[in-house]
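Reminder, nothing fancy here: chain letters follow the sequence lines and each chain counts from 1. Just so it is clear, the structure is predicted and the values come from calculations on it, not from any experiment.
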Amino acid sequence: MDKEKFYITTAIAYTSKTPHIGNTYEIVLTDAIARHNRFIGKDVYFLTGTDEHGQKIQEIAEEQGITPQEHVDKIAGEIRNIADMLNISYDGFIRTTDEHHVKTVQKIFKKLYDQGDIYKGEYEGWYCTPCESFWTKTQLKEGNCCPDCGRPVQKTKEEAYFFKMSKYQKQLEQYIEDHPDFIQPESRKNEMLNNFIKPGLQDLCVSRTSFTWGIPVDFDPKHVIYVWIDALSNYITALGYSVDEKGELYKKYWPADVHVIGKDILRFHTIYWPIMLMALGEPLPKKIFGHPWMLFGEEKMSKSRGNVIYAQDLVRHFGVDAVRYYMLHEMPFAQDGTITYEVFISRYNSDLANTLGNLVTRTVAMVNKYFDGIVPEPADEGEFDADLKSVAVGAISAIEKKMDQLRVADSLDEIWKVVNRANKYIDETTPWILAKSEDTKQRLGTVLYNLIESIRIIATLLSSYMPETSKKILDEIGADESSYESVKSFGSYKPGSKVGNADVLFARIDTEKKLEELEAEMAANAEPEVEIAPYKDYIEFDEWEKLDIRVGKVLECEPVKKSKKLLRFTLEVGNEKRQILSGISQYHKPEELIGKNVVFIANLKPRKMMGLESCGMILSAEHDGKLTALTTINDIQSGAEVV
RNA sequence: AGCGGGGUAGAGCAGUUGGUAGCUCGCAAGGCUCAUAACCUUGAGGUCGCAGGUUCAAGUCCUGUCCCCGCACCCA
């Protein structure tokens with residue numbers, strides 16, 4: 001009988017810059033799931049890769065004076081190195097610049113166009129020829145005039161391709177209802193259904209003409225295929241899928257069993273992707289898992305704060321498997337998790353050094369001490385043996401249940417139950433007392449055999465999560481059996497094997513010392529040179545004169561209800577009052593602004609936000625996530641012009 | 001009344017179909033010495049956000065209410 005297949009993917013990583021530890025979490029999580037399924041006998045294909053197109057990459061490359069291709073080659077290389085460093089067992093690594101991918105995406109686009117799912121339309125906008133600018137309808141002045149120069153605008157000349165999402169809406173809704181496990185975790189399902197699908201899907205713009213670093217539409221080359229069709233298709237093009245020829249891997253592995261992705265791109269994977277597949281007439285993936293994020297303490301990671309944690313640094317300090325362990329064990333299933341050095345070291349010391357490492361060391365040390373390093377034959381079962389065995393043997397089925405639900409952290413707990421049980425067993429059986437008399441030597445041998453076999457089971461089970469440690473332990477105890485079958489029963493370890501020297505597996509870390517070291521390193525890595533936003537192009541004096549900038553006195557200021565960012569201001573401007581909304585509530589408390597002078601653009605076209613009208617724009621200075629509103633040095637009559 | 005999730009020991013979290021409230025770390029006491037000052041046992045510590053209700057019985061169901069978070073509209 002053929003092995004059951006299992007196709008699992010991560011999202012492809014965007015190659016704009018080197019990923020930090022949060023970005024790395026996803027691939028480690030996926031790796032554990034992939035390895036586990038391989039372990040239990042499935043035929044696994046694990047795909048990861050890089051997303052290498054887009055405007056942002058084009059811009060970054062330009063800034064650095066290199067070609068986009070050179071840039072993505074470099075970053076893709078880094079990403080792959082990180083994956084390799086972390087022992088990621090991927091079977092395929094796709095890059096969206098791969099030739100097969102590019103060609104296939106073009107064919108997919110063409111096919112969808114030919115069958116009418118993609119149509120050429122107009123980007124919702126109006127074009128002002130003299131100004132060479134696009135405007136959306138809401139930006140226009142009365143009578144469809146350019147807000148810049150006041151001249152009439154033409155309905156858009158910017159053409160674009162659109163995907164008819166609405167056509168598949170009902171079908172998608174039905175699919176999601178019929179497959180309650182399709183979107184994980186559950187809460188996300190409702191989010192998608194209620195926020196997007198049920199209110200009605202908008203047609204999706206799937207091409208751009210504003211940049212060139214992307215896959216061209218082959219029958220209309222000034223258009224570049226915009227991110228979703230390009231990026232999402234990777235899951236099938238990597239398997240050799242094409243429109244006319246599906247390929248062996250594709251036939252074997254599609255549909256995907258799990259797409260593991262960040263919660264932020266759930267929408268694209270649960271709506272656009274299934275619809276694309278429906279349009280192509282291909283089956284839908286079985287499960288989409290939107291994992292939570294890994295945050296650094298309370299703070300956002302930022303280069304200038306010097307608190308970015310990179311996987312490489314963690315690995316250098318703590319080792320690959322400690323990093324894998326932390327990510328796999330400390331992240332909650334559906335809520336964002338955090339990583340701090342304090343917690344990391346604490347988990348390292350208690351779980352890895354004390355509980356697991358020490359169990360191996362002390363057991364091996366006893367085999368050396370009492371049996372010259374040769375694991376003895378077990379004899380008759382004694383007290384406590386049955387319980388130890390049942391815990392050890394029972395672990396695998398518990399783990400399989402948890403892993404089926406993608407509960408990786410819980411699976412590790414199941415392994416640690418065995419570790420704890422084994423530690424307790426030593427206390428119960430007191431080998432050091434048994435060693436004192438020749439009469440109890442046989443019992444001693446049995447006890448040590450049971451411990452070694454328990455450790456063998458533990459190490460075998462660990463292989464999906466901490467492959468390097470798993471192998472080290474198996475070597476240390478001289479085990480040659482580490483199969484799935486062998487952990488279902490007790491006794492696969494062959495007596496007579498030689499154990500190692502009881503080397504320390506995870507050396508305890510001196511918390512204070514290590515923290516000092518890490519802090520010093522972080523301080524050294526903080527970038528001292530200040531990076532400011534690039535300057536814009538020169539403008540003419542008369543362009544400057546078009547701006548009407550004024551001083552206003554804040555009479556009232558309050559948060560806009562339900563809004564995360566907006567503050568509603570009432571300004572005194574001469575004898576008038578004016579309402580302006582400004583998205584700065586993250587940075588300023590309303591009460592600290594009342595009575596202050598602020599500077600605002602008075603002739604910016606009014607616009608409604610969150611149901612309120614905003615007549616102008618309050619000026620603020622912003623740098624690196626910090627922001628402060630502008631004010632005047634001395635008091636001055638409100639309404640005063642800024643010149 | 002936008003949609004959804006959550007508020008449980010000092011911290012981080014579990015709590016399935018309602019029936020004595022659990023886990024890990026931390027803390028305290030004891031045990032042990034094979035081991036990485038590790039390991040084992042026991043203990044202290046919780047009005048399960050708040051207020052009502054259903055029930056013989058509610059963390060678990062219902063209503064109201066207060067916070068926190070995610071998503072959406074939203075930084076002009």
Collect all protein-nucleotide pairs involving nucleotides 23-26 of chain B in which both atoms are nitrogen or oxygen and the distance is under 3.5 Å.
unit_1: U24(B); atom_1: O2'; unit_2: R347(A); atom_2: NH1; d: 3.2
unit_1: U24(B); atom_1: O2'; unit_2: R347(A); atom_2: NH2; d: 3.0

Side-chain atoms of N423(A) come closest, of C74(B), U36(B), C39(B), to C39(B)

Distance check, C1' atoms only: A9(B) and C25(B), in whole angstrom units. 13 Å

Listing time: all N or O pairs from protein to nucleotides 41-45 of chain B that are below 3.5 Å?
unit_1: U41(B); atom_1: OP1; unit_2: K424(A); atom_2: NZ; d: 3.4

My understanding is that a pair needs two contacts under 3.5 Å, Watson-Crick or G-U wobble. By that rule, which nucleotide pairs with C32(B)? none

Quiz question: going by heavy-atom distance under 3.5 Å, is there a donor-acceptor pair between the base of A35(B) and the side chain of N358(A)? yes

Between side-chain atoms of residues 497-505 of chain A and protein atoms elsewhere (two or more places apart, or another chain), which donor-acceptor pairs fall under 3.5 Å?
unit_1: S497(A); atom_1: OG; unit_2: K494(A); atom_2: O; d: 2.9

Checking D410(A) now: which residues fulfil side-chain hydrogen bond (donor to acceptor under 3.5 Å, both in side chains) with it, not counting sequence neighbours? none

Mate of A51(B) where both pairing distances stay under 3.5 Å, Watson-Crick or G-U: U63(B)

Mind checking who G70(B) pairs with, Watson-Crick or G-U wobble, both distances under 3.5 Å? C3(B)

Taking only residues at least two apart or on different chains, which pairs with a member in residues 402-421 of chain A satisfy ring-ring contact (aromatic ring centres under 6.0 Å, His included)? Y325(A)-W416(A)

Nearest-neighbour nucleotide for the R267(A) side chain, U33(B), A72(B), A35(B) considered: A72(B)

For Y425(A), give me all partners under side-chain hydrogen bond (donor to acceptor under 3.5 Å, both in side chains), at least two apart in sequence or on another chain. D385(A), N450(A)

